[in-house]
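Structure record follows, encoded as C-alpha cells.
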Amino acid sequence: MNFIKTNLADVIVIEPKVFGDHRGWFTETYNDAAFKKAGININFVQDNHSFSATKGTLRGLHYQKNPKAQTKLVRCTRGSIFDVAVDIREGSPTYGEWYGVELSAENKKQLLVPKGFAHGFMTLTDDVEVQYKVDELYSPENDRGIIWNDPEIGIEWPFDIQPVLSAKDEKAPPLKDADNNFKIED
C-alpha cells in the first residue's frame, strides 16, 4: 500500500497494490500492520455501504461531534465519486480548507478522513456504491453537517449542476454556524 499525504494534516490517500492476471485482480483494502507501519493506529468498529442511483448525487458534508467523532476510511467499489474532506478543527492552520480526490472502482484509491474533518462526496457516474469503515458507531444525537456549497470553504465540485441532495443536507448550515466542538489549542 502507498500512503500519500495531502495538504490537510492526517487526511491520507491510500493506493493499494493490485495484482491481476487473465482471471481478474486481487487487492488488500485494509491491512492493520501496514496502516500501523504508516503511523495510522485505528480500531475500526463499523463497516457501511451506500448506493446512489444517479450521477450528481451529493452526500455530505457530514461529521459526528465529540465524544462520538469518527475517522472514516472511504472507497468506491462501483462507479466513481469526487470525495472531499474539510478541516473543521477551530484553531487549526488549515481550518476551513478542503481536499478532494476521485475515488473509483477502477483506481481503487481510498481516502482516510480523520476526526475533526467533515466528509462528503458527489457521484460522477450513475449506479455508485461506496463502502467505508468507521472507528466509532453511528450516533444520531451527534450527527451534524455543513452545507455542501459554503462559499467560505469554496469546494470546487467537479461539474456545475444542481446536485441531488437529501432534505437533511439541503438544510445544513455553513461552517461558521455549524454545531462543532473540534478545537485545537495553541
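Everything numeric here is computed off the predicted structure, so don't read it as measured data.
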Exercise: identify the closest heavy-atom pair between D126 and K55: OD1-N, 2.7 Å
Minimal heavy-atom distance between G60 and D169, with the atoms involved, is N-OD2, 3.1 Å
Close side-chain approach of L112 and K72, heavy atoms under 4.5 Å: no
Would you say D87 and S92 are linked by a side-chain donor-acceptor pair, where the criterion is simply a distance under 3.5 Å? yes
Indicate whether the side chain of R59 and that of S52 have a donor and an acceptor atom separated by less than 3.5 Å. yes
Can you check whether V128's main-chain N or O pairs, donor with acceptor, with T123's side chain at less than 3.5 Å? no
Begin with the C-alpha distance, continue with both residues' side-chain angles, and end with the deciding distance and a verdict on ring-ring contact (aromatic ring centres under 6.0 Å, His included) for F182 and F117. CA-CA 9 Å; F182 297 101; F117 289 78; 8.7 Å; no
Just wondering, do D135 and N43 contact through their side chains at under 4.5 Å, heavy atoms? no
Looking at D179 and R144, does any basic side-chain N land under 4.0 Å from a carboxylate oxygen? yes
Quick note, salt bridge (charged side-chain N to carboxylate O under 4.0 Å, His left out) partners involving residues 34-50, not counting sequence neighbours, are D32-K36, D47-K133
Between the NE2 atom in H49 and the OG1 atom in T77, the distance rounded to the nearest 0.5 Å is 4.5 Å
Output side-chain donor-acceptor pairs under 3.5 Å for residues 152-164, partner residues at least two apart or in another chain, one line each.
unit_1, atom_1, unit_2, atom_2, d
W157, NE1, W148, O, 3.1

Distance, nearest 0.5 Å, that separates OH of Y95 from CG of L8: 13.5 Å
Count the heavy atoms of every other residue, nucleotide or ligand shown that sit under 6.0 Å from NZ of K68, and state whether that count exceeds 12. no
Less than 3.5 Å apart, which donor and acceptor atoms pair up between the side chains of residues 11-28 and the rest of the protein, not counting sequence neighbours?
unit_1, atom_1, unit_2, atom_2, d
E15, OE1, N2, ND2, 3.3
D21, OD1, R23, N, 2.8
D21, OD1, R23, NE, 3.1
D21, OD2, R23, NE, 3.0
D21, OD2, R23, NH2, 2.5
T27, OG1, K17, O, 2.7
E28, OE1, N31, ND2, 3.1
E28, OE2, N31, ND2, 3.4

CD1-CD distance between I81 and E102, expressed to the nearest 0.5 angstrom: 9.0 Å
May I ask you to check whether over 12 heavy atoms, not counting those of D10, lie within 6.0 Å of atom CG? no
Please report the shortest heavy-atom distance between V74 and V130, naming the atom on each side. CG1-CG1, 3.8 Å
Starting from Y132, can I reach V86 by hopping between I/L/V/M/F/W/Y residues whose side chains sit under 4.5 Å apart? no
Pairwise distance CG(L61) to CZ(F121) - rounded to 0.5 angstrom: 11.5 Å
One thing to verify: whether D150 and K176 come together as a salt bridge, which I'm taking to mean a side-chain N less than 4.0 angstrom from a carboxylate O. no
Correct closest heavy-atom pair for P173 and A178 would be CG-CA, 4.0 Å
Would you please test Q46 and Y138 for side-chain contact (heavy atoms from CB on, under 4.5 Å) and show each step? CA-CA 8 Å; Q46 183 176 319; Y138 175 66; 4.2 Å; yes
E106-S104 side chain donor-acceptor pair, cut-off 3.5 Å: no
What is the distance from atom NZ of K115 to atom CD of Q70, rounded to the nearest 0.5 Å? 8.0 Å
Begin from the C-alpha positions of I88 and Y63 and carry the test side-chain contact (heavy atoms from CB on, under 4.5 Å) through to its verdict. CA-CA 9 Å; I88 61 171; Y63 63 95; 3.5 Å; yes
Full working for side-chain contact (heavy atoms from CB on, under 4.5 Å) between V134 and T71: CA-CA 6 Å; V134 294; T71 294; over 6 Å; no
Check this for me: K168, atom NZ, are more than 12 non-hydrogen atoms of other residues, nucleotides or ligands nearer than 6.0 Å? yes
Is there a side-chain contact between H119 and H62, using heavy atoms and a 4.5 Å cut-off? no
Scanning both residues in full, the closest heavy-atom pair of V113 with A85 reads CG1-CB, 4.1 Å
Distance, nearest 0.5 Å, that separates CD of E170 from CG of L165: 5.5 Å
Does F82 share a hydrophobic cluster with I147, counting links as ILVMFWY side-chain heavy atoms below 4.5 Å and allowing steps through other members? yes
Find out whether F51 and D127 are in side-chain contact, i.e. whether some heavy atom of one side chain is under 4.5 Å from a heavy atom of the other. yes
Check step by step if side-chain contact (heavy atoms from CB on, under 4.5 Å) holds for Y99 and L111. CA-CA 10 Å; Y99 176 80; L111 187 65; 4.1 Å; yes
If every non-hydrogen atom of L73 is compared with every non-hydrogen atom of F44, which pair is closest and at what distance? CB-CZ, 3.7 Å
